[in-house]
Amino acid sequence: MQQKNARVLDIDFLKKKKCTWTDLTISKNSFRIAPDDTFYDISGHCFFPKEEDQLWLLGYANTSIFAELLKVFNSIIHCQVGDVGKIIVPDIGEQKSKVSVLAGENLDFSKKDWDSFETSWDFQYPPLLRKVPTIAEAFDQWQTECEERFNQLKANEEELNRIFIDIYGLQDELTSEVEDRDVTVRKADLGRDIRSFISYAVGCMFGRYSLDVDGLAYAGGEWDASKYASFAADKDNIIPICDDEYFEDDIVGLFVEFVKTVYGADTLDENLKFIADALGGKGQPKDVIRNYFLSEFYSDHCKTYQKCPIYWLFDSGKKITAFVTIFMKSQRNLL
């Protein structure tokens, strides 16, 4: 049965500048820039502004007054195209330039935050990979960056709220204040960020990432060993995790070598202790790190990639302790 009002949109239309939001939400809707190479569907709606209007309209759509107006037309958890289309677009005159600048800054803040982690298509390297002698210094720098970004984005959002509240003359009804929980960029988190660093290290062991290449170094195709001059990828594509260092390419031994390569040999013990403390275990640093690989790493990996792991886990069972678990990189053919 044909749907008479259905049609296939022209590819040039689908590539137009667009802002998007999710259909289903139990809280305030968040509007985002949609990349030029993405399409949309009924779960991720879009509106298509002129290029010169995209940023200021995006800023307007994320204000508290837009959220209040949206409640007038939609009191349920679904936010449809028709609901957004009913919202009045005010003439903001000379304020358009300022609003566009603020919205553009917020867009950059959000992208830098998102790109700091592996799940971003534009991920380059983890935030703790820095040219400093200790990972503690790297975390301190990252923490400062996060705090500054968080505070500036919050201030920008409050200024955008103020501008549009003044335009509508609703100073007595609405406040420009933004709660910390509503600021969408993340603050530094030692446990999470150390685990992210460990995940990147494992990626370097398998050749997915490289200390000599930003972003993905290998995700299929022809293997180029020249990309791994600083830290070589594992030759046989299998990394054992045992209760002790029985194998030359034991994962803890490789991780220790990775930390030494990144931060230097002089501070190795200090860095391993910092990592172990961040993981929350007790005992010698290498033992804590080994226990993390044995008991938690794969679970964290599956959560990060939403049960679609990049590395495969093989477990030989409790009786064989010399070769308990291995990770095998899925993209590089072993044969």
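Distance alone, capped at 3.5 Å, places no donor-acceptor pair between the H301 side chain and the S199 backbone. Checked by atom type and distance alone, the side chain of D113 pairs as donor or acceptor with a backbone atom of R186 at under 3.5 Å. Looking only at distances, a side-chain donor or acceptor of D193 sits under 3.5 Å from a matching main-chain atom of D189. At distances below 3.5 Å, at least one donor-acceptor pair connects side-chain atoms of N271 with backbone N or O atoms of I135. Although no hydrogens or angles enter the test, the distance criterion places no donor-acceptor pair under 3.5 Å between the side chain of R290 and the main chain of K286. Listed for the D122 side chain is no donor-acceptor partner under 3.5 Å among the backbone atoms of D115.
Grouping the Ile, Leu, Val, Met, Phe, Trp and Tyr side chains by contacts below 4.5 angstrom, directly or via other members, places L160 with I87. Clustering ILVMFWY residues whenever any of their side-chain heavy atoms sit less than 4.5 angstrom apart, transitively, puts Y305 in the very cluster that holds F197. Hydrophobic clustering (side-chain heavy atoms under 4.5 Å, transitive across Ile, Leu, Val, Met, Phe, Trp, Tyr) groups V262 together with L190. F109 and L102 end up in different hydrophobic clusters when Ile, Leu, Val, Met, Phe, Trp and Tyr side chains are linked at under 4.5 Å. Criterion: ILVMFWY side-chain heavy atoms under 4.5 Å apart, direct or through other members. Under it, V256 and L279 are part of a common hydrophobic cluster.
For an aromatic pair to be called close, the ring centres must be under 6.0 Å apart, and Y60 with F164 satisfies this.
Closest heavy-atom contact between V178 and D182: CG1-CB, 4.2 Å. The two residues S116 and F123 have their closest heavy-atom pair at O-CE1, 3.6 Å. Here the closest non-hydrogen pair linking P285 and A276 is CA-CB, 3.6 Å. Across all their heavy atoms, S210 and A217 have their closest contact at CB-CB, 3.8 Å. Nearest heavy-atom pair, S110 versus L153, reported as atom, atom and distance to 0.1 Å: OG-CD1, 3.8 Å.
Looking at E118 and T304, their side chains never bring a donor and an acceptor atom within 3.5 Å of each other. Counting only N and O atoms by type, the side chains of T134 and E137 include a donor and acceptor under 3.5 Å apart. The closest side-chain donor-acceptor pair between E157 and N161, if any, does not fall under 3.5 angstrom.
To the nearest 0.5 Å, atoms CG (L272) and OG1 (T267) are separated by 9.0 Å. Rounded to the nearest 0.5 Å, atoms NZ (K154) and OG1 (T184) are 13.0 Å apart. Note: I88 CD1 to F66 CZ = 11.0 Å, rounded to the nearest 0.5 Å. Atom CG of residue L313 and atom OG of residue S299 lie 10.5 Å apart, to the nearest 0.5 angstrom. Atom CD in E158 sits 10.0 Å away from atom OG in S64 (nearest 0.5 Å). Within the model, atoms CD of Q171 and CD1 of I165 stand 7.5 Å from one another, a figure rounded to the nearest 0.5 Å.
Taking the six-membered ring where the residue is Trp, W142 and F117 present perpendicular rings, their angle passing 60° and hence far from 30°. The aromatic rings of F258 and F231 sit perpendicular, their planes meeting at an angle over 60°, well past the 30° parallel limit. Aromatic ring pairs are classed by plane angle as parallel below 30°, tilted from 30° to 60° and perpendicular above 60°; the pair Y311 and F297 is parallel.
Under a cut-off of 6.0 angstrom, the local environment of CG in D180 is crowded, with over 12 non-hydrogen atoms contributed by other residues, nucleotides or ligands. Counting heavy-atom neighbours within 6.0 Å of Y292 OH, excluding the residue itself, gives a total above 12. Within a 6.0 Å sphere centred on CG of D266, heavy atoms belonging to other residues, nucleotides or ligands number 12 at most. The environment of K303 atom NZ is sparse: at most 12 non-hydrogen atoms of other residues, nucleotides or ligands sit within 6.0 angstrom.
The side-chain heavy atoms of F31 and L57, taken from C-beta on, include no pair separated by under 4.5 Å. A heavy-atom distance below 4.5 Å is found between the side chains of C302 and Y298. The shortest side-chain heavy-atom distance between D300 and I198 does not fall under the 4.5 Å cut-off.
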query: Given the rule in the side-chain contact (heavy atoms from CB on, under 4.5 Å) test, do R32 and N62 qualify, once you have shown the distances and angles that lead to the verdict?
result: CA-CA 9 Å; R32 298 289 183 264; N62 282 295; 3.8 Å; yes
query: Between E52 and K96, is a side-chain contact (heavy atoms from CB on, under 4.5 Å) present by the stated rule, with each step listed?
result: CA-CA 10 Å; E52 61 269 23; K96 185 182 293 187; over 6 Å; no
task: Applying side-chain contact (heavy atoms from CB on, under 4.5 Å), run through E173 and E68 and close with a yes or a no.
output: CA-CA 11 Å; E173 286 76 20; E68 291 300 316; over 6 Å; no
message: What verdict does the side-chain contact (heavy atoms from CB on, under 4.5 Å) test give for V132 and F139, after you've listed the backbone C-alpha separation in whole Å, the side-chain angles of each residue and the deciding distance to 0.1 Å?
response: CA-CA 10 Å; V132 291; F139 180 75; over 6 Å; no
- request: Go through the steps for E296 and R195 under the test salt bridge (Lys or Arg N to Asp or Glu O under 4.0 Å), then give the verdict.
  value: CA-CA 10 Å; E296 297 181 57; R195 284 166 171 79; 3.6 Å; yes
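In this structure T144 satisfies the side-chain contact (heavy atoms from CB on, under 4.5 Å) test together with E148, sequence neighbours excluded.
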